[in-house]
Amino acid sequence: MSNIMMLNFASRLSWGARIGLFCLILFSLAAIFAPFVAPYPQDEILGDVWEPISSNFWLGTDQLGRDILSRLIHGARNTFFIAGAATLLSFFMGTFLGFLAAVSGGRTDQLLSRSNDLMMAIPTLIFALVVLSVLPSSMLVLIVVMGVLDSTRVFRLSRAVAVDIVVMDYVEAARLRGENTLWIIFREILPNALSPLFAEFGLRFAFAVLFLSTLSFLGLGIQPPDADWGSMVKENKDGIVFGIPAALIPAAAIAILTISINLVVDSILSRTSSLKGGR
Amino acid sequence: MPTIASQFLEVQGLQIEASINMPGEESRSITLVDNISFKLEKGKVLGLIGESGAGKSTIGLAALSYGRGGCNITGGKIILEGEDILSLSPAQVRKIRGTRIAYVAQSAAAAFNPAHRIGDQVIEVALEHKLMSKTAALAYAEVLYEKLGLPDPQNFGKRYPHQVSGGQLQRAMTVMALCAKPDLIVFDEPTTALDVTTQIEVLATIKTAIIDTGVAALYITHDLAVVAQVSDHIMVLRQGKMVEYGDTNQIINDATQQYTQELVSVRAMEKPEIADPDSPPILHVKNIDAAYDGVNKILNDVSLHLHRGQTLSIVGESGSGKSTLARVITGLLPQLNGEISFNGQSLSTALRGRSKEQLRSLQMIYQMADVAMNPRHTIGQIIGRPIEFYFGIKGAENRRQTIALLEQIELGEKYFDRYPAELSGGQKQRVCIARALAAKPSLIICDEVTSALDPLVADGILQLLMDLQKKHDIAYLFITHDIDTVRAISDSIAVMYQGSLVRFGKKSNVLTPPFDDYTDMLLASVPKMELGWLERILANRKMQSADN
């Protein structure tokens with residue numbers, strides 16, 4: 001029964017979405033089973049610096065002579081988990097507060113919106129640097145800082161979306177019925193705001209991957225010798241001057257991940273919007 | 001080019017299809033307009049009439065060789081003075097549009113660009129096609145402003161769209177269409193968005209303009225009484241097919257098809273007036289003042305009352321404060337002064353101060369059923385929620401009661417899991433009625449609940465409301481601008497004008513002379529389903545102003 005449903009589900013996806021879904025599943029499997037599928041440990045120096053692609057090293061070696069494929073697989077864990085968790089956190093915070101501001105209006109809206117402006121006035125990177133250098137370096141702190149900083153953008157979007165929905169008659173009908181704010185946020189507004197939020201999710205996830213790599217490069221993200229895709233690009237970027245493409249491999253992985261997410265998100269979007277009569 | 005003067009426009013076997021692409025489904029095409037043929041002579045007006053989805057606007061736009069997004073003209077010919085305009089190249093079609101065939105849209109407010117002056121937009125077509133010089137065009141526009149009775153013709157064009165009223169803007173749009181001296185104008189519901197008192201002026205000016213300039217016109221509307229005033233011939237359409245085609249007199253007085261007869265006799269419903277009982281009224285509004293900004297009063301000293309199981313209609317044109325009154329009564333807009341008592345209790349001015357019981361017994365139905373229901377909730381959730389919220393009933397019992405309500409609104413169980421988008425306009429409004437009914441209210445405020453619906457569908461909704469009233473002893477506060485509806489359903493009537501109550505009382509009193517000036521004008525402005533009504537009213541008015 002469930003097999004048939006899965007098949008049915010897959011057959012209704014577009015080709016782009018199927019490819020995207022395939023890549024995402026592949027990456028997640030690699031991340032989950034990293035120690036089993038990676039041919040070598042991620043931090044062992046096995047060969048020469050920047051060895052080309054060979055049967056030993058399928059994707060060559062990096063600037064220290066470590067196997068790039070193994071580092072990619074291990075790095076998928078960090079990249080996936082940290083960027084994903086940070087994006088999820090930013091969406092939970094941002095959408096809830098954004099919807100709350102739109103629904104409450106008046107002083108609550110002013111307070112939330114102006115605090116948000118205040119946060120956005122400080123450059124994200126500087127803010128992150130200051131906070132991360134004060135707090136102990138752990139994965140949890142990293143996720144929370146990235147999530148909170150990113151939530152300011154999500155807040156803006158979700159408030160703007162919700163402001164349009166709040167004026168609809170069905171929200172007014174819910175208010176007249178005597179429903180509380182939480183019902184209005186989660187049952188009336190959220191289902192109608194999913195489309196733009198889904199689209200934004202794909203985009204913000206990609207930004208989170210890049211932001212993580214920036215932090216790693218500055219020594220505040222993933223600590224070496226652990227790998228993540230962003231820091232692998234940074235580590236190997238000097239090779240490009242000598243015509244060595246090692247940096248392009250993790251960069252391509254980031255690109256494929258981002259594109260896959262967007263393909264899947266687009267497909268979900270077009271499916272959900274059919275409920276609204278094809279809009 | 002051969003010119004056949006008698007047959008200026010000829011449409012032969014017009015066929016229009018649209019393709020539907022629902023995600024996850026095979027794309028399929030549906031026929032919007034099926035084998036429509038008609039001929040139009042110069043200086044004549046053909047009325048296209050039908051309910052929404054009848055294909056009347058699609059035909060009108062096809063006359064400009066234009067298909068809305070997704071529409072394809074798949075068959076037939078549209079011959080304009082011997083030339084099939086469907087076979088023309090896009091560049092040739094561009095030359096025709098605006099210059100030989102012009103279009104007047106339903107919503108002038110949406111059709112004018114708010115950032116440009118009216119005058120510049122009116123003469124744009126004439127300048128774009130290099131038909132006249134700018135000074136000549138401006139001068140001609142001025143002549144037209146005057147002819148269409150627009151105020152201060154010399155300076156009217158210098159105003160921006162928001163600086164004139166809706167009726168004036170609609171007339172300005174007619175000027176825009178006339179400015180390039182076209183041979184054919186397509187009027188697409190030009191008076192539908194207007195109040196009856198404004199509609200009559202616009203109708204009169206459109207009629208004069210057509211007679212004076214000798215242009216041919218397609219007049220599209222859903223209101224048979226309106227089209228009877230302006231057109232020479234009428235074509236009745238339904239679901240893309242022609243139902244009946246004949247001259248106006250024959251359609252109005254001697255229709256052969258049953259559907260046309262139904263359209264002619266719509267709103268024949270009658271309701272005997274109920275006398276006021278001795279018990280105190282269920283709703284008593286006392287000396288209400290209200291304003292959105294705290295200063296400019298929208299409502300001025302409004303007092304009225306309504307008894308259990310009766311219908312009070314509030315009638316007036318847009319901006320008269322009827323909907324504001326509803327907002328005050330529901331608690332969405334706190335009043336500045338005055339008191340509202342409901343079921344013997346004084347209602348708190350703010351929504352938050354009202355008890356759940358008070359909220360339950362006062363329900364509201366909206367004009368636009370589309371936006372009054374959450375598009376992401378199923379019909380079962382929409383109707384079931386008040387049952388759960390007010391009475392704490394969940395699960396199977398909730399489902400049972402919801403289905404019972406669905407049966408009361410004549411829809412039934414199969415609609416339980418559907419989404420609002422899958423319902424027709426009339427069905428949506430029925431679901432909204434069921435949602436209000438689910439709370440077991442003693443008063444329902446109906447805000448223009450039938451004005452977005454086709455006449456026959458609206459009749460069904462009114463009939464349902466009346467049946468439910470008898471069954472559940474519900475009082476209705478019925479807000480509308482449609483006098484026919486008021487006649488059909490009310491026990492009491494309140495006439496509002498610019499935020500004040502002009503007239504209030506039982507139906508028999510309010511609708512019996514002597515009238516005050518405003519009520520008189522309002523009643524006289526409602527188009528009647530008879531030929532020559534417009535001329536008679538206008539002649540009457542002229543005589544009155546001559547007397548004064």
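Please read all numbers here as calculations on a predicted model, not as lab measurements. The analysis underlying the following values was restricted to heavy atoms, covering all of them including side chains, and did not include hydrogens, waters or symmetry mates. Chain naming here is simple, since letters A, B, ... match the order of the sequence lines and numbering starts at 1 in each.
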Quiz item: Heavy-atom distance under 4.5 Å to chain A: side chain of B:M364, backbone, both or neither?
Solution: side chain
Quiz prompt | B:R376 to A:N192 - nearest heavy-atom pair and separation | solution = CG-OD1, 3.2 Å
Quiz prompt | Nearest atoms (heavy-atom pairs only) where A:A173 meets B:Y366 | solution = N-OH, 3.6 Å
Exercise. Measure the CG-CD1 distance between B:N374 and A:I165 for me, rounded to the nearest 0.5 Å.
Key: 8.5 Å
Self-check item: Under 4.5 Å from a heavy atom of chain A, the part of B:R327 involved
Solution: side chain
Practice problem: Heavy-atom distances under 4.5 Å only: say whether B:Q381 touches chain A with side chain, backbone, both or neither. | Solution: side chain
Practice problem: Measure the spacing between CZ of A:R175 and OG1 of B:T330 and express it to the nearest 0.5 Å. | Solution: 12.0 Å
Quiz item: Does a sphere of radius 6.0 Å around NZ in B:K356 hold more than 12 heavy atoms from other residues, nucleotides or ligands, not counting ones at 6.0 Å or beyond?
Solution: yes
Quiz prompt | Shortest non-hydrogen contact from B:F389 toward A:R177 | solution = CE2-O, 2.9 Å
Self-check item: Heavy-atom contact with chain A under 4.5 Å, split by part of B:R435
Solution: side chain
Exercise. Please say whether more than 12 non-hydrogen atoms of neighbouring residues, nucleotides or ligands are located less than 6.0 Å from CZ in A:R114.
Key: yes
Quiz item: Is the count of non-hydrogen atoms from other residues, nucleotides or ligands lying under 6.0 Å from B:Y292 atom OH greater than 12?
Solution: yes
Self-check item: B:R418 atom CZ, over 12 foreign heavy atoms within 6.0 Å
Solution: yes
Quiz prompt | Nearest atoms (heavy-atom pairs only) where B:V371 meets A:M168 | solution = CG1-CE, 3.5 Å
Practice problem: Measure the spacing between CG of B:L351 and CD of A:E172 and express it to the nearest 0.5 Å. | Solution: 9.5 Å
Quiz prompt | Where B:H377 and A:R187 come nearest, the two heavy atoms and their spacing | solution = NE2-O, 2.7 Å
Quiz item: Relative to chain A, which of B:I382, B:L332, B:D370 shows the most heavy atom pairs under 4.5 Å?
Solution: B:L332
Self-check item: Heavy-atom closest pair, residues A:L176 and B:Y390
Solution: O-OH, 4.1 Å
